[in-house]
Number of protein chains: 2
Amino acid sequence: MNPEQLFKCLADETRLLSTLLIQAEGELCVCELMEALEDSQPKISRHLAQLRNCGILTDRRDRQWVYYRLHPQLPKWVTDILATTSAAQQGRLKPCLQKLKTMDCRPESCA
Amino acid sequence: MNPEQLFKCLADETRLLSTLLIQAEGELCVCELMEALEDSQPKISRHLAQLRNCGILTDRRDRQWVYYRLHPQLPKWVTDILATTSAAQQGRLKPCLQKLKTMDCRPESCA
DNA sequence: TTTGAATATACGGATATACATATATTCAAA
DNA sequence: TTTGAATATATGTATATCCGTATATTCAAA
């Protein structure tokens, strides 16, 4: 992973916010991100696939849900950049995280 | 300046290395970057213009040379990201800086 | 005021990217 | 074993990006 690759991934709003929300929450599935970002399922899924292919995220399937989390072996400079970016974007992240909290039925809590 | 804009700027090799070299050297003109990156004049100039338009760089003209430097009012999260990236890319920057040092005739030193 | 060096920009073509829509896949419950 | 929910992928289209080439601009020296 070189900086150009990382920055290309983070240069798109959907991918940036998905990454930062996942970083904040530890793990999120596609339907949670659809809710948090108010975006379509194919759009979210496509961008998550790209983040996984670049090595930024990994996924695991649990029943019918696929959970995405940060790749556990990210280099420190990558996690540092994510942390710095997250701190600078708290204002944009907060309402998204709020939407997660008020979701009718999140997979983990009501499956 | 939001992170998507910054990351889009840094997602291109020419713009990334130009920015990091300018950060390392304080100030560089187009012809120095042409030498350091072994790239054409229009290519360097075009990418520097984009970095200036995004607010990452500013320029000043001195005689026939135009010098670019980091914009003096960059937010801290931006300079933090540049510093982190630079530290992670020392291996790629070193040979470029070396080419600068061995340039026949750098504007500042032989005008 | 002409010439040349340094830089900027315009233009056209090739490639990449993002999106909406439609369809496929995977899984669990009925 | 059919159905529906969650997710993934394929396809076509529109737009953005990047590059090389050519040309314009700016400045200083002759």
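What you see is a predicted model, and the numbers here were worked out from it, not measured in a lab.
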For B:R46, which contact category applies under a 4.0 Å heavy-atom criterion: base, sugar-phosphate, or nothing?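 Answer is base: heavy atoms of B:R46 come under 4.0 Å of a base.
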Please check: side-chain N/O of A:N2 versus main-chain N/O of A:Q5, any donor-acceptor pairing under 3.5 Å? yes
Side-chain donor or acceptor of A:S18 paired with backbone N/O of A:T14 under 3.5 Å: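 Indeed, once roles are kept as given, a pair shorter than 3.5 Å links the two residues.
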Side chain of [X] only, heavy atoms from C-beta on: which candidate in [options] is closest?
| X | options | value |
| --- | --- | --- |
| A:P42 | C:dT7, C:dA22, D:dG20 | C:dA22 |
| A:V30 | D:dT9, D:dT21, D:dT7 | D:dT7 |
| A:R52 | C:dT9, D:dT9, C:dC19 | D:dT9 |
| B:T14 | C:dT7, D:dC19, D:dC18 | D:dC19 |

Salt-bridge test for [X] and [Y]: reply yes if a basic N is under 4.0 Å from a carboxylate O, no otherwise.
| X | Y | answer |
| --- | --- | --- |
| A:K101 | A:E32 | no |
| A:E25 | A:R69 | no |
| A:E4 | B:R15 | no |

Grab the [atom1]-[atom2] distance between [X] and [N] for me, whole Å please.
| X | N | atom1 | atom2 | value |
| --- | --- | --- | --- | --- |
| A:D62 | D:dA5 | CG | P | 19 Å |
| A:Q64 | D:dA6 | CD | P | 7 Å |
| B:R60 | C:dA6 | CZ | C1' | 15 Å |
| B:I44 | D:dG20 | CD1 | P | 11 Å |
| A:Y67 | C:dT26 | OH | C1' | 15 Å |
| B:M34 | C:dA8 | CE | C1' | 13 Å |
| B:E4 | D:dA16 | CD | P | 16 Å |
| A:N53 | D:dT9 | CG | C1' | 12 Å |

With respect to the phosphate group of [N], does any side-chain polar atom (N or O) of [X] fall under 4.0 Å of OP1 or OP2?
| X | N | result |
| --- | --- | --- |
| A:K8 | D:dT17 | no |
| B:R61 | C:dA8 | no |
| A:Y68 | D:dA8 | yes |
| A:H47 | C:dC19 | yes |

Applying a 3.5 Å limit to both distances, which nucleotide forms a Watson-Crick or G-U wobble pair with [N]?
| N | value |
| --- | --- |
| D:dA22 | C:dT9 |
| C:dC27 | D:dG4 |
| C:dA18 | D:dT13 |

Could you check B:Q50 against B:Q41 and say which one's nearest nucleotide on DNA chain D is further toward the 5' end? B:Q50
Measuring from atom CG of A:L93 to atom OG of A:S86, what distance do you get when rounded to the nearest 0.5 angstrom?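 OG of A:S86 is found 5.5 Å from CG of A:L93.
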